[in-house]
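Chain identifiers are assigned alphabetically (A, B, ...) following the order of the sequence lines, protein sequences preceding nucleic acid strands; residue numbering begins at 1 within each chain.
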2 protein chains.
Amino acid sequence: MSEAKKHDHSALVDKLHRELPGDKKLCDLADLFKIFGDTTRMRILFSLFESELCVCAIAELLEMTQSAISHQLKVLKDNRLVANRREGKTIFYFLADDHVRKIIEQGYEHLTEDEHHEKII
Amino acid sequence: MSEAKKHDHSALVDKLHRELPGDKKLCDLADLFKIFGDTTRMRILFSLFESELCVCAIAELLEMTQSAISHQLKVLKDNRLVANRREGKTIFYFLADDHVRKIIEQGYEHLTEDEHHEKII
DNA sequence: CTATCATATGAATACACATTCATATGAACG
DNA sequence: CGTTCATATGAATGTGTATTCATATGATAG
């Protein structure tokens, strides 16, 4: 037997090490949440909650540069959170699927629960 | 009436502007997701899915510095995603509530749906 | 084909933040 | 108390990335 060092958890650690999802999965998951972790992108997603919008409408709404919006829309599209369709010169963006709404709603719930906590203080 | 400029959406933009959640809410929400948007924090959260763990167990499991883990645990705790309890010298961390699990699971679902897409290609 | 409108994109800049290193706190034990 | 173990924390560093600026693409109208 190996001499037990200070505070040995090798057994537990080994077990958990086998159970943890692969690094690829965890990294992908973190990358997904990273997309939601930016105020501009979050505001864009909320803008698209009700209806599709063209790029310049989003830019006006959020009072930001067309370029800034366009860059972020690319990030959102590359990660399949939004999709777009062309109509003449205009390109309309819309939410890609319902997961986007669900993920955001879950986050919202956590927040409101926190407010509950703050009231007590 | 104001002269309609090129591509006028002022009506739609005004309407949406009133409907959008306040900047504080959106910022808080983005900040929440930002927490999940880091591989180390995601791995820590997954480590705690099954059972509570002390800091050095997490550090061993993830093969990272105690300091790095401690810094991230602070972030997680400040945002109420984990909580801790003391037992002598040791401090055990655990998931604060079920929202954490739900949020992560929603993200996971979105990912697996994407894999579906990739298979078709 | 040229001008214009809508959008995309590359490079540069500026800022946020994860990790490291050194050190501090804090509990238990002799 | 002084030492040791477990954890926390402050400052410095390096990396990632959001925005800006300038410019490119791409569609439409004349």
Closest nucleotide among [options] to the [X] side chain:
X: A:Y93; options: C:dG26, C:dA8, D:dA18; value: C:dA8
X: B:A68; options: D:dA18, C:dT19, D:dT20; value: C:dT19
X: A:K89; options: C:dA6, C:dA28, C:dT20; value: C:dA6

Nearest whole angstrom, please: distance from the [atom2] of [N] to the [atom1] of [X].
X: A:Q72; N: C:dT7; atom1: CD; atom2: P; answer: 16 Å
X: B:R85; N: D:dT7; atom1: CZ; atom2: P; answer: 12 Å
X: B:N79; N: C:dA18; atom1: CG; atom2: P; answer: 11 Å
X: A:M64; N: D:dT20; atom1: CE; atom2: C1'; answer: 10 Å
X: A:N84; N: D:dA27; atom1: CG; atom2: P; answer: 13 Å
X: B:E87; N: D:dC5; atom1: CD; atom2: C1'; answer: 15 Å
X: A:D78; N: D:dA18; atom1: CG; atom2: P; answer: 12 Å
X: B:D38; N: C:dT19; atom1: CG; atom2: C1'; answer: 10 Å

- Should B:R101 and B:D98 count as an ion pair when the cut-off is N to O under 4.0 Å?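 Salt bridge between B:R101 and B:D98, a charged N being under 4.0 Å from a carboxylate O: yes.
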
- Message: Please determine whether a side-chain nitrogen of the Lys or Arg among A:E109 and B:K102 lies less than 4.0 Å from a carboxylate oxygen of the Asp or Glu.
- Response: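 Result for this pair is no, no salt bridge flagged.
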
Looking at [X] and [N], is any side-chain donor or acceptor paired with a base atom of the opposite kind under 3.5 Å?
X: A:S67; N: D:dC21; answer: yes
X: B:Q66; N: D:dA6; answer: no
X: A:H71; N: D:dT17; answer: no

- Message: Can you see if the side chain of B:T65 gets near the phosphate of C:dT20 - specifically, an N or O under 4.0 Å from OP1 or OP2?
- Response: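 Yes, within the criterion.
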
- Message: Does a side-chain N or O of B:R86 approach OP1 or OP2 of C:dG26 to a distance below 4.0 Å, or not?
- Response: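 No, because none of the side-chain N or O atoms of B:R86 sits under 4.0 Å from OP1 or OP2 of C:dG26.
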
- What residues, two or more places apart in sequence or in another chain, satisfy side chain to side chain contact (heavy atoms under 4.5 Å, CB included) together with A:R18?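 For A:R18, the residues satisfying side chain to side chain contact (heavy atoms under 4.5 Å, CB included) (neighbours in sequence not counted) are A:D14, A:K15.
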
- Item | Closest heavy-atom pair and its distance - A:V100, A:L81 |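 So the two residues come closest at CG2-O, 3.6 Å.
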
- Degree of bending in the helix from C:dC1-D:dG30 to C:dG30-D:dC1 once both end axes are built from five pairs, to 10°: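 Computed from the C1' atoms at both ends, the axes differ by 20°.
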
- Task: Specify the residue among A:G88 and A:V75 whose closest nucleotide of DNA chain D lies further upstream toward the 5′ end.
- Result: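 Going by which nucleotide is closer to the 5' end, it is A:V75.
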
- If the plane angle is over 60° it's perpendicular, under 30° parallel, otherwise tilted; pick one for A:F33 and B:F33.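 If you compare the ring of A:F33 with that of B:F33, the planes turn out parallel.
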
- Are any side-chain N or O atoms of B:R41 and backbone N or O atoms of A:A30, one a donor and one an acceptor, separated by less than 3.5 Å?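 No; zero donor-acceptor contacts below 3.5 Å.
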
- Side chains of A:I104 and A:F49 in contact at under 4.5 Å (non-hydrogen atoms):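 In short, these two side chains touch, coming nearer than 4.5 Å.
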
- Looking at every strand, decide which applies to B:K34 at a 4.0 Å heavy-atom threshold: base, sugar-phosphate, or nothing.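 Sugar-phosphate: the residue B:K34, judged by heavy atoms under 4.0 Å, touches backbone atoms but no base.
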
- Task: Tell me what A:S70 touches on the nucleic acid: a base, only sugar-phosphate, or nothing, going by heavy atoms under 4.0 Å.
- Result: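 Base contact.
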
- Task: Go through the steps to decide whether A:V75 and A:N79 satisfy the test side-chain contact (heavy atoms from CB on, under 4.5 Å), and finish with yes or no.
- Result: CA-CA 6 Å; A:V75 174; A:N79 287 273; 4.0 Å; yes

